[in-house]
Each structure stands twice: as C-alpha cells, then as structure tokens.
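Count residues from 1 along the sequence. When reading the values below, keep in mind they use all heavy atoms of this one structure, side chains included, and skip hydrogens, waters and symmetry mates.
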Amino acid sequence: MLQRLEMVGVGPASKLALDFAPRVNLLTGDNGLGKSFALETAWWMLVHRGRSPLPGVHGAESKLARVVLDATLNGSRRQTTARFSPKTWRWTLGPFDRDQADPGYEPGPAVAAGVAIITRADGSASVWDEARNTLFALGEVATQAIPVYSFTRDEVWDGLTLDGRSLCNGLLRDWVSWQQRGSDEFRALVAALEGLSPTDEPIRPSTPVRLSPTDALDYPAIQLSTGIVPVTHTSAGMQRVLSIAYALVWSVFEHQRAATLMQGAPTSELLLMVDEIEAHLHPRWQRVILPALLRVVKALASSMRVQLIVSTHSPLVLASMEGEFDAAQDALFDFDLVPREGDGPRADVEVRKLDWRARGDANQWLTSEVFDLKQPGSLRREQALERAKAALRQPGLSAEEVREIHRELHAVLGDTDPFWARWEARAKAAGIDP
C-alpha cells in the first residue's frame, strides 16, 4: 500500500509530502492546489505508465525536480524515485536513494502489486492488475500484453480493445451478459449499486431494453421510482456511480479469474483512488457515497487489505465520515496556499495532515479551517452580515445608511435567522419596524 508521496519542484508546490494512512485518505482544499495532481502523480509513480508530471512553477529553480514514492508491496517496503532532467526533458525512474545522482535508469515495468484502480471526475479510469499486467514485465510479446488498462469515459462503457483483442467488454455488454447468465459478477454489481445509492432511491437493475429498431444491442436498464430507464439515459451523477461500481466489480473478478488461469493465489491488496468523489452527485448522495463505498469494497474484496485515497470539495462527504473515521488508520489532508518567504506576492502550496474532529453538520465544516469560509451562506449574505456587524459598532451612522443595510439583510437572511435578534435594537433606533 502507499506509504508516502514526496514531490519537489513538481506541480504547484515547491515541496509537498503526504504520509498516507493504511485505510482511508481524504484530500481536500481549493481548486488548483494539487489534489488531482497528487493522485495522478502517485498513480504514475506506482505503475510507471500514464501522463507524466511536468516540473511546476518552482521546478526551474531546482537543479533537478524529483518525485519519491514509498510503498509496501507484498509485505516489503520499496522506494522508487523519478528525477527530471531539463537537459533531456525527460524523467528517469529507479529504486535509488533520493540524494543519489541520476543513474540514467530507464522506465521499467510497473512496480505495483495487487490491484490498483483510479477513477476520475470525467468518467475515465485506469486499472493495474499484477496477475495480468505483469505479463508485460515477464517478457511476453507486445501483441499479447498490455502494461496497464487505461479507459476513456466511453471505453468504460463500450469496452477496450487492442490489436483486435477485447481487453474489456465494457459496462454495457458485461452488465447484460452477467445478468443473462445470473453470474456472481452480476450479483456483486447489484449489491454494489444498491449499496452506493440512497436507501430511498436505490439503483436496481431492470430487464435490458432496446433503444431503437435499428440498434441490435440490448442495453442495461434500472428501475427508478419514475419508471424503467436505460443506463445511457440516466443522470450524470448516476452514471458516475454506475462507472465506479462496474470498475470495481470488473477489476476484482477479472483479477480472480486471471489468478486462477495462472494457477496462483489472488492478491491480498487493493488500492482505490477516486478523484472528486462527489462529482455530479446531489447532496443526498454526497452524504452517503463514501461510507457506502467503504462497505461495498469490504464486501466485494473481503479477503483483501484495502486502501482508499479520495479527493473531495464537499463538506457533506467529510460530514458523512463522522462516526466512520478512525484516527488510527485514516487521515485528512488539507491543501492550502501560504505566503512564500521573501518572494513578494508569490505563494506556495502547503499540505497539512489535520487532526480529525466531528463538526456536527456541513455548515460547521464550511466554516472550519478545512474550507475557510467566514459564513456558510452566499458571498452576498456574508458581505451583508459583515456590514451589519460593523454598523452595530458605529452608533453615528445615518438612518438612511441603517435602512440600506436593513434592506440588504432582508434580501439575504431568512425570517428566522438568529442575527435578527442582534439587529432589532439598531433598526428600531433608526425608526425601522423590524
């Protein structure tokens, strides 16, 4: 499992390090501060495939940008370092010490063990499987191997091929095939979909349907309270849930099948990375998705040790972990901007591991150091309250100024807002009937 990711001169931070917890890792912070970048960089370091990172705004100031990944793979601790050379504009990868000179080590086969999955906010996904992808490392000819499974959003649904071979049938075909056969995969998919959706609006498969007389494909469908809906016509939020559930079920069952064919034992480790887990989801879904994902993965991969790394902007996702978070095996990381010493207006990115404490509700999370909002409402409400609070400290304001503030408060505050009790005397003094 991942232990530590360290980046120097890469991405938005001059130096960034995350010491991962063994179970759940939550990454939060403002847009553009490197949460998704950290996930993608960890993935690239783990499997040595995918889009490589570029030196960031601070990279040119260091002689050699570098990334270090510590991981425990099959019980043994490994460290892999990548160094970027501006002279050749390329990365070299190797299990060398972080302070050692670049040895010119060429990118080799993936170093990951077990099964690793990353799902992205745009619906794309990548999967690494030691039982299938290590065939590449063992020297099987290129026409028979694939170093990593990388899916676009459409390939998750329609399937992935290579040189005429079907590497993955895709959600649409697998779902119907599993359903018609009454397979273990379908039963696992049914359980995963029901587990990942709210209890009052569960996603339950229905009979496959045809979309038109000229389309010979039977499409999966789900039963909702509004009726039967083909999965291709469901909402963006439901499609995200469908994709995550399918990626999990497909990855675990295909790994088990490959291990059986290779006369080996299935892996004991599963790494799941989810970027923006709340993407497209209504608040009702946001407050159940992460605890539900934990339960679904535990049921699906009951014999595996599971590590989750999840990025989120949602206070409801964090609030949903109250009662679930275990400080001994979970961690919360906050990405934040900090002034850069001696550099004028320039800023740097800092990542802090925060002590977990329950806040009670989403509003308390919004006004915590995690999200840094002064008020949980709109910006206009925040500005109106700040102006009204200042007016309470300024007895010399004219009646017309107080009336203007009062009108703005009426536009942004509800009738039962507790601030009215503080404002009442000031309004009456200006001749206003509150």
Side-chain angles (χ1 to χ4, degrees), residues 1-2 5 7 10-13 16 18 20-21 23-47 49-54 56 67 69 112 115-128 148-157 171 192 196 236-248 250-251 270-282 285-294 296-297 306-318 320-321 330-336 349 351 370-371:
M1 318 307 284
L2 300 192
L5 174 68
M7 299 186 285
V10 180
L16 183 150
L18 294 98
F20 295 109
R23 191 181 73 139
V24 178
N25 296 270
L26 297 166
L27 279 54
T28 190
D30 205 348
N31 290 320
L33 299 188
K35 300 182 301 300
S36 300
F37 183 81
L39 288 179
E40 293 292 350
T41 301
W43 177 262
W44 178 74
M45 286 292 293
L46 189 68
V47 305
R49 291 297 183 276
R51 185 175 61 187
S52 61
L54 284 174
V67 182
L69 181 72
V115 175
I117 307 167
I118 182 170
T119 68
R120 303 175 180 91
D122 64 0
S124 64
S126 297
V127 177
W128 160 263
V148 69
Y149 294 92
S150 294
F151 302 83
T152 65
R153 184 270 175 200
D154 289 342
E155 288 169 340
V156 172
W157 287 68
L171 181 153
L196 291 173
M238 285 191 178
Q239 291 189 15
R240 180 84 196 281
V241 172
L242 296 176
S243 296
I244 291 174
Y246 171 72
L248 271 170
W250 180 82
S251 299
L270 173 65
L271 169 65
L272 174 61
M273 297 193 282
V274 184
D275 194 18
E276 296 189 29
I277 190 171
E278 74 279 4
H280 308 302
L281 296 183
H282 186 276
W285 293 61
Q286 290 182 29
R287 68 178 186 172
V288 301
I289 186 65
L290 184 51
L293 185 60
L294 276 170
V296 166
V297 174
V306 179
Q307 183 182 39
L308 269 65
I309 306 177
V310 175
S311 73
T312 182
H313 298 109
S314 170
L316 281 169
V317 168
L318 297 184
S320 74
M321 286 298 291
D330 302 331
L332 171 63
F333 298 95
D334 182 34
F335 289 66
D336 207 354
V349 175
V351 60
V370 177
F371 293 99

Fill in the blank from the handout: So CZ of F371 and OG1 of T28: to nearest 0.5 Å the spacing works out to 4.0 Å
Practice task
Give, for atom NE2 of H282 and atom CG of L316, the distance between the pair rounded to the nearest 0.5 Å.
Solution key: 10.0 Å
Practice task
Measure the shortest side-chain to side-chain distance between L271 and W128 over non-hydrogen atoms and say whether it is less than 4.5 angstrom.
Solution key: no
Practice task
Would you indicate whether the side-chain heavy atoms of T119 and L248 approach each other to under 4.5 Å?
Solution key: no
Handout entry: Any side-chain heavy-atom pair of F335 and F37 under 4.5 Å
Key = no
Exercise for the section: Nearest 0.5 Å please: distance from the CG atom of L18 over to the CG atom of N25. Expected result: 8.0 Å
Problem - Nearest atoms (heavy-atom pairs only) where D275 meets S36 - result: OD2-OG, 2.7 Å
Problem - Which atom of D334 lies closest to which atom of G29, heavy atoms considered - result: OD1-CA, 3.9 Å
Completion exercise
For R23 and D330 the tightest heavy-atom approach is NH2-OD2, 2.6 Å
Problem - Rounded distance [0.5 Å steps], CG in L2 versus CE in M273 - result: 6.5 Å
Completion exercise
In short, L242 meets W157 closest at the heavy-atom pair CD1-CH2, 3.9 Å
Handout entry: Validation row: V148, W43 side chains within 4.5 angstrom (heavy atoms)
Key = yes
Exercise for the section: Taking the side chain as every heavy atom from C-beta outward, state whether V317 and V310 have any pair of such atoms under 4.5 Å apart. Expected result: no
Problem - Positive for side chain to side chain contact (heavy atoms under 4.5 Å, CB included) with L26, one of L290, L308, V370 - result: L290
Handout entry: Modelled atom types, side-chain donor and acceptor of S126 and R120, under 3.5 Å
Key = yes
Exercise for the section: Mind running side chain to side chain contact (heavy atoms under 4.5 Å, CB included) on Q239 and H280 for me, showing each step along the way? Expected result: CA-CA 9 Å; Q239 291 189 15; H280 308 302; over 6 Å; no
Problem - Between OG on residue S311 and CD on residue E278, distance to nearest 0.5 Å - result: 7.0 Å
Handout entry: Approximate separation, where rounding is to 0.5 Å, of E276 CD and R240 CZ
Key = 7.5 Å
Practice task
For the residue pair D122 and S124, confirm or rule out a side-chain donor-acceptor distance under 3.5 Å.
Solution key: yes
Handout entry: Partner of L39 under side chain to side chain contact (heavy atoms under 4.5 Å, CB included), chosen from V274, L5, I309
Key = I309
Exercise for the section: Take T312 and K35, measure what side chain to side chain contact (heavy atoms under 4.5 Å, CB included) needs, and give me the verdict at the end. Expected result: CA-CA 9 Å; T312 182; K35 300 182 301 300; over 6 Å; no
Practice task
List the steps and the verdict of side chain to side chain contact (heavy atoms under 4.5 Å, CB included) for V241 and L281.
Solution key: CA-CA 9 Å; V241 172; L281 296 183; 4.0 Å; yes
Practice task
Taking T41 for its side chain and A38 for its backbone only, find out whether a donor-acceptor pair lies under 3.5 Å.
Solution key: no
Problem - Minimal non-hydrogen separation, A42 against L69, with atom names - result: O-CD2, 4.1 Å
Problem - Side chain to side chain, L196 and L293, heavy atoms closer than 4.5 Å - result: yes
Fill in the blank from the handout: Nearest heavy-atom contact between L270 and M1 is O-CE, 3.3 Å
